[in-house]
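What follows is a short report on a single structure.
Quick note on labels: first sequence line is chain A, next is B, and so on, each numbered from 1.
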Amino acid sequence: NAGVIQTPRHKVTGKGQEATLWCEPISGHSAVFWYRQTIVQGLEFLTYFRNQAPIDDSGMPKERFSAQMPNQSHSTLKIQSTQPQDSAVYLCASSLTGGSYEQYFGPGTRLTVL
Amino acid sequence: AQSVTQPDARVTVSEGASLQLRCKYSYSATPYLFWYVQYPRQGLQLLLKYYSGDPVVQGVNSFEAEFSKSNSSFHLQKASVHWSDSAVYFCALSMGGNMGYKLTFGTGTSLLVDP
């Protein structure tokens, strides 16, 4: 089992550019979560899909951030017009549903906005 | 609203010594509780989880944690630490069910084991 795969591992963008982050969940897992990690804010929940449907996006910034899960094998987090304050490590996690609640995390994508 | 507090930002112990990392939660019901470890430039790895039943749960690498409803705590323990245990440890909770499965994390405790 390859675990959760996130690409790229590192991404550098200029202010105002777009960034797309990819996540491939563990095969057979039907829930995908996105979190953001910074020194100042710590680990913050962004959004969550179950069976590809968006369930909870309460942590997503209202502007510039969007997430999709077009099929069961990958999810994307897109940030439009990136700003320096978007610099963070973005973590994707997946889990089984139906009674199993532990989430398994990928290695993260470190986004740096210059 | 739910929250998790890890009061110790940094802990230093000598190799071979015992360890306790503290975690307190705030939630009106009994949540699902987790401990994760993060090594440098890596994602989070699950150490152990508590859902219900025996308040002492065993995890990987000889870690264990004890749930206390009366104290709203879920402290992580290890009898004898190794230098490779140096990492950042996060306590987290999930409300589950209709309240959703997202994790709420504490601020983490950075553990340094002196060899």
Would you mind checking which part of B:Gln38 comes under 4.5 Å of any heavy atom in chain A, side chain (CB onward), backbone (N, CA, C, O), both or neither?
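Answer is side chain: those atoms of B:Gln38 sit under 4.5 Å from chain A.
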Does any heavy atom of chain A fall under 4.5 Å from the side chain of B:Leu103, the backbone, both, or neither of them?
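Both backbone and side chain.
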At a heavy-atom separation under 4.5 Å, does A:Leu91 approach chain B through its side chain, its backbone, both, or neither?
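Only the side chain of A:Leu91 comes within 4.5 Å of chain B.
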Please flag which part of A:Ser58 lies under 4.5 Å from any non-hydrogen atom of chain B: side chain, backbone, both or neither.
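The side chain, not the backbone.
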Would you mind telling me which of A:Gln6, A:Gln37, A:Gln41, A:Arg50 has the largest number of heavy-atom pairs within less than 4.5 Å of chain B?
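Greatest number of close heavy-atom pairs with chain B: A:Gln37.
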Under the 6.0 Å and 45° cation-pi test, does B:Lys49 pair with B:Phe34?
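No, B:Lys49 does not lie over the aromatic ring of B:Phe34.
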Output, in order, the C-alpha distance, side-chain angles, deciding distance and verdict of side-chain contact (heavy atoms from CB on, under 4.5 Å) for B:Trp35 and B:Leu21.
CA-CA 10 Å; B:Trp35 276 98; B:Leu21 301 182; 4.0 Å; yes
So B:Tyr51 and B:Tyr32, would you call those rings parallel, tilted or perpendicular, with 30° and 60° as cut-offs?
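It falls in the perpendicular class, over 60°.
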Classify the ring geometry of B:Phe105 against B:Phe90: parallel below 30°, tilted from 30° to 60°, perpendicular beyond 60°.
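The rings of B:Phe105 and B:Phe90 stand perpendicular, inter-plane angle above 60°.
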Find the distance between CE (A:Met60) and CD1 (A:Ile79) and round it off to the nearest 0.5 Å.
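One finds 8.5 Å between CE of A:Met60 and CD1 of A:Ile79.
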